[in-house]
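Naming convention: chains lettered A, B, ... in sequence-line order (proteins, then strands); numbering from 1 in each chain. Only heavy atoms go into these numbers, but all of them, side chains included; no hydrogens, no water, no symmetry mates.
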Amino acid sequence: MDDRKIQIFMDSLLPLLKAGVAYTVPLTLISFALGLVLAILTALARLSKISVLKAAAGFYVWIIRGTPLLVQLFIIFYGLPSVGITLDPFIAAIIGFTLSVGAYGSEIVRAAIQSIPAGQWEAADSIGMTRTQALRRIIMPQAARVSVPPLANSFISLVKDTSLAASITYVEMFRKAQEITATTYEPLLLYSEVALIYLLFCTVLSALQHYLERRLARFSAR
Amino acid sequence: MIEVRNLHKSFGDLEVLKGIELSLDKGKVLVIIGPSGSGKSTLLRCFNLLEMPDEGQLKIGELALNFDKGRRPGTREVLALRKRTGMVFQSYNLFPHMTALENVMEAQVTVQKKSKEAARSRALELLDKVGLADKAGNYPHQLSGGQQQRVGIARAMAADPEVLLFDEPTSALDPELVGEVLKVMKRLASEGMTMVVVTHEMKFAADVADQIIMVDQGVIIEQGSPAEVLQHPNHPRAAAFLNILTQREI
Ligand SMILES: Nc1ncnc2c1ncn2[C@@H]1O[C@H](COP(=O)(O)OP(=O)(O)OP(=O)(O)O)[C@@H](O)[C@H]1O
Ligand SMILES: [Mg+2]
């Protein structure tokens with residue numbers, strides 16, 4: 001590496017990190033939080049006895065899982081204006097990623113709820129709980145623990161997937177790298193640099209995931 | 001206290017209970033015995049509607065339910081019945097994310113809407129009764145099987161039920177842990193708790209039961225005092241079943 005490249009690398013580091021912290025991280029956190037709520041509601045709808053709810057939730061998961069995320073983002077950002085709905089790139093990205101986390105997350109939450117032994121429902125029934133009470137007090141707290149490892153994986157995937165928002169003009173970390181490349185003509189350097197920062201973020205998150213899983217294991221050694 | 005008339009229950013094409021009739025007075029202990037698959041658990045689970053009978057009448061305390069002509073109790077009646085009963089499961093089914101104390105508090109706080117303090121003091125009293133006052137803060141996985149089952153008994157009693165239902169409460173336990181659970185059950189019986197117990201523990205049945213029924217293929221083939229049923233069975237299959245049990249015990 002020559003001095004010029006080292007200089008470009010150093011000069012880009014701060015803008016990239018800034019874009020990461022100011023744009024990639026909020027997009028990830030907000031989409032994940034909203035997506036999680038949607039995932040839980042969808043999972044409950046799919047497990048409910050009300051067939052309309054069940055069908056609606058199943059339809060939603062089918063659509064989202066069966067189409068590429070990038071295409072969904074294009075429909076939301078470039079497609080919707082032709083029916084009069086024009087969205088800010090940030091909002092469009094939030095909607096796209098929330099829908100995605102909601103659909104994939106609902107499968108995780110549903111599997112977790114179904115993995116709780118029938119005896120737990122029966123014990124809750126036997127002490128006179130309603131279905132809602134049983135879910136809230138007995139089933140969901142246990143399902144939450146079961147869901148942590150797969151949801152943590154989804155979260156880490158989401159961090160990387162947010163780079164797709166670059167394609168709908170949202171200037172997060174990857175788009176920032178593209179912009180710097182456009183002026184410096186160093187694609188290999190800049191894209192490797194941004195890859196390194198993603199790697200750093202994900203490594204920190206993996207460590208957190210391990211810590212969380214170890215803590216949870218203390219209560220559920222069964 | 002318990003009245004059962006002409007109770008029927010099928011799973012698909014399989015008729016598991018074929019017209020069960022029985023009654024039990026307050027403060028008495030009924031033991032249900034019978035071969036595997038005869039319908040003992042199903043019958044017991046009909047008492048708190050974990051299984052919904054297809055036909056017949058069921059009365060627990062003042063609450064009478066009629067299942068004839070496809071009638072089904074509404075949610076409110078189901079919950080009312082469950083508040084009158086407590087159940088102890090073969091595999092304990094404690095809530096693994098709660099301590100022993102929290103397990104016993106749960107029904108009081110969530111179902112009975114008691115204050116935390118009131119629930120806690122009642123739960124501690126019950127844990128003391130089953131000999132586990134010092135284990136209140138332990139999670140289920142930190143307890144032995146016998147201890148878990150005693151927490152299960154305390155949990156079942158927490159909401160002051162009129163009847164306690166036991167489904168083979170000692171079958172999952174190592175032999176050396178069976179005694180501590182039976183001792184607690186004996187004590188409850190002597191204190192006047194109304195109990196229905198499915199068990200293969202013949203000594204317990206002989207000592208504690210006021211009434212024994214033997215179920216076989218969904219019908220009651222023997223019914224009476226322990227002496228009548230255990231020593232002088234009338235039905236040939238009852239005699240054969242008791243033979244197997246006694247041989248196993250020797
Ligand atoms: N939910 C269910 N669905 C279908 N069949 C069932 C169900 N529950 C029980 N059965 C069947 O009903 C019959 C009676 O079962 P039950 O559990 O009441 O027997 P049991 O007398 O308690 O036997 P065990 O001593 O083995 O516990 C068995 O043939 C069993 O396979
Ligand atoms: Mg059984």
Counting only N and O atoms by type, is there a donor-acceptor contact under 3.5 Å from the side chain of His97(B) to the main-chain atoms of Ile139(A)?
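Pair absent, no side-chain N/O of His97(B) close to backbone of Ile139(A).
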Donor-acceptor under 3.5 Å (Asn93(B) side chain, Gln120(A) main chain):
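No.
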Taking atom [atom1] of [X] as the centre, report whether more than 12 heavy atoms of other residues, nucleotides or ligands fall under 6.0 Å from it.
| X | atom1 | result |
| --- | --- | --- |
| Phe201(A) | CZ | yes |
| Glu191(B) | CD | yes |
| Arg76(B) | CZ | no |
| Lys18(A) | NZ | no |
| Phe11(B) | CZ | yes |
| Ile50(A) | CD1 | no |
| Lys28(B) | NZ | no |
| Lys116(B) | NZ | no |

For the candidates Thr110(B), Leu165(B), Asn48(B), which exhibits the highest count of non-hydrogen atom pairs separated by less than 4.5 Å from chain A?
Thr110(B)
Any side-chain heavy atom of [X] sitting closer than 4.5 Å to one from [Y]?
| X | Y | value |
| --- | --- | --- |
| Pro96(B) | Gln142(A) | yes |
| Met98(B) | Ile138(A) | yes |
| Leu50(B) | Asp125(A) | yes |
| Met129(A) | Arg82(B) | no |

Can you name the closest pair of heavy atoms from Phe95(B) and Ala123(A) and give their distance?
CE2-CB, 3.7 Å
Approximate separation, where rounding is to 0.5 Å, of Ile127(A) CD1 and Met157(B) CE:
14.0 Å
Interatomic spacing from OG in Ser126(A) to CZ in Arg155(B) - rounded to 0.5 Å
5.5 Å
Residue Arg84(B) versus chain A: region with a heavy atom under 4.5 Å
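Nothing of Arg84(B), per the 4.5 Å heavy-atom cut-off to chain A.
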